[in-house]
There are 2 protein chains.
Amino acid sequence: MPEPPTPSPPGPPESRRELNRRATHEAITAAALRLAREHGAGGFTVDTLAEAAGISRRTFFNYFPSIEAAVTQPVEEFLDRAFARLYERPADEPIVDAVLAAITGDVGQEEMALLCEVYSMSADDEQLERMQLWIWDKAQQKLEEGLKPRLPADSSELLTDALAGSIIACAKAAMRQASGQTAPGQAADPQAFHDLLLASLDLLRAGFNTNGSIPHPKDN
Amino acid sequence: MPEPPTPSPPGPPESRRELNRRATHEAITAAALRLAREHGAGGFTVDTLAEAAGISRRTFFNYFPSIEAAVTQPVEEFLDRAFARLYERPADEPIVDAVLAAITGDVGQEEMALLCEVYSMSADDEQLERMQLWIWDKAQQKLEEGLKPRLPADSSELLTDALAGSIIACAKAAMRQASGQTAPGQAADPQAFHDLLLASLDLLRAGFNTNGSIPHPKDN
DNA sequence: TGTAATTTTGCATCCTGTGCAAGTTTGGCC
DNA sequence: GGCCAAACTTGCACAGGATGCAAAATTACA
């Protein structure tokens, strides 16, 4: 029943099972995205989605625990890839540079647009918003792990935690700005996201100041 | 039917309606907390909770949209108070100091213990975890508003966003450490939380470095 | 005391999410 | 090919979440 997915990336030859699995998986995410665009993330039921994807309601739940999980799937995948890439960066690279490179590594135009779109969808749907917060939080935990080998061995948990959280906060801020700027119709620009992320990480690295301390009202 | 709440703080004399409302509200949160302690946050149904609070299932949903919302109510209230207090701090106080004072302002021993307890409960319950992430995110939005008057007028949204997010990340890190340290039975200490928060905010203010830049693996 | 506003409650209804068992497809082996 | 086992899909059942609605109870106030 399921059509084989269009791009078959290199690697070990996939069995028919893996092929089918990937195909339904993509059918679901595609249908979920389409329906979310049409009716909002909370504007349709699992039955509708299952029918649109050509599977049974029960099968949907074999793949995803909720509609939101299906809609945010691209975000999760992106963040997984991004922070996995951290381990491929040279060990002596400064943390901020490594993170920047890892996150903005291989983001294409369409993926960037998709990420922004899903990000901004959460404005209209609380469930989706919470899901996305959760995904970013999971990413933060991955980042903490990835950061440990790059921090002095005697670093406190507090530092690791606060630093990872701050970096994630910068990434979210950059994503949010990119989403906001994308709304007016112009194509989402990976370069713009890269620049925003770089800018926010620079702010972080400087302790959010340009002249000695976090800006006071009177400081300039 | 509902008992009047124990402490009736000063202010305009409450009508019977307001009194009853407060009473059932507290009855619900108290029952929710008790049940969450006994069975975990996801370990009981709304029917059980409603019965324990002495109300009907339907009435519960007039007060809270979910069990998690009832359990995390103290956290939400705390963060609301905390960031509202930001507006009472002197306008020329450095941001970090103002935030520190606002958050650790009037936290009592019991409240601190409660916050830590709820925080650590989310380890066993995904719904509760997402709820709490959402509450902290709402707090971040409040913080952004409170930050604006304290930042140069020409500050970018990116800066406001990234700074607020980083501060929240520090607060969460401090809360997490406090929760972790509290587990071993010793009473939760507001002072310890204050110190943790101060430490993390100092790290943030210093751009997470002690000697010039975010620490490299070889830097010490 | 009577009337209007507010709250509680039960009921109906739709939807989510999961266990289970029967059916179907795929992989591997003779 | 034919056959068995593993994996996957599907329908069904069921507990529970969440909301609208209208009747009943409570409270406010003139």
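In what follows, chains carry the letters A, B, and so on, assigned in the order in which the sequence lines appear, proteins first and then strands, with residues in each chain numbered from 1.
Taking five base pairs at each end of the helix from C:dT1-D:dA30 to C:dC30-D:dG1 and finding the rotation axis that steps the C1' atoms of four pairs onto the next four gives two axes whose angle is 10°, to the nearest 10°.
Contacts of B:Gln141 classified as side chain to side chain contact (heavy atoms under 4.5 Å, CB included), with partners at least two apart in sequence or in another chain: A:Glu129, B:Asp137, B:Lys138. Take B:Tyr87 and apply the side chain to side chain contact (heavy atoms under 4.5 Å, CB included) test, not counting sequence neighbours, and it matches B:Glu145. Applying the side chain to side chain donor-acceptor pair (under 3.5 Å) test to A:Asp97 and every residue at least two apart in sequence or in another chain returns nothing. Residues passing the side chain to side chain donor-acceptor pair (under 3.5 Å) test with B:Glu117 are B:Arg37, sequence neighbours excluded. For A:Asp124, there are no side chain to side chain contact (heavy atoms under 4.5 Å, CB included) partners two or more places apart in sequence or in a different chain. The salt bridge (charged side-chain N to carboxylate O under 4.0 Å, His left out) check on A:Arg57 picks up A:Asp47, with sequence neighbours excluded. Checked against side chain to side chain contact (heavy atoms under 4.5 Å, CB included), B:Arg81 has the following partners two or more places apart in sequence or in another chain: B:Glu77, B:Phe78, B:Arg85, B:Asp106, B:Glu111. For A:Thr48, the side chain to side chain donor-acceptor pair (under 3.5 Å) partners two or more places apart in sequence, or in a different chain, are A:Thr45.
Residues B:Ile55 and B:Arg17 each lie close to DNA chain C; by heavy-atom proximity, the contact nearer the 5' end of the strand is made by B:Arg17.
Applying a 4.0 Å cut-off to non-hydrogen atoms, the residues of residues 58-66 of chain A that approach DNA chain C are A:Arg58, A:Phe61, A:Pro65, A:Ser66, listed by residue number. Listed by residue number, the members of residues 37-51 of chain B with any heavy atom below 4.0 angstrom from DNA chain D are B:Thr45, B:Val46.
Considering only side-chain N and O atoms, A:Asn20 lies under 4.0 angstrom from the phosphate OP1 or OP2 of C:dT26. Taking 4.0 angstrom as the limit, B:Arg57 places a side-chain polar atom (N or O) nearer than this to OP1 or OP2 of D:dG17.
Residue pairs that meet the salt bridge (charged side-chain N to carboxylate O under 4.0 Å, His left out) test with at least one member in residues 163-176 of chain A, sequence neighbours left out, are A:Arg176-B:Glu144, A:Arg176-B:Asp161.
The pair A:Arg22-A:Glu18 does not count as a salt bridge, with every side-chain nitrogen at least 4.0 angstrom from each carboxylate oxygen.
The nearest whole Å value for the distance from the CG atom in A:Leu19 to the P atom in D:dC8 is 13 Å. When rounded to the nearest whole Å, the span between CG of A:Asp125 and P of D:dA18 equals 14 Å. Atom C1' of nucleotide C:dG27 and atom CD of A:Glu14 are separated by 16 Å, given to the nearest angstrom. Here the P atom of nucleotide C:dT7 and the CD1 atom of B:Ile28 are 14 Å apart, to the nearest Å.
Between B:His39 and B:Phe44, the ring planes are tilted. Angles from 30° to 60° get that label.
Counting non-hydrogen atoms under 4.0 angstrom, A:Arg16 reaches the backbone sugars and phosphates but no base.
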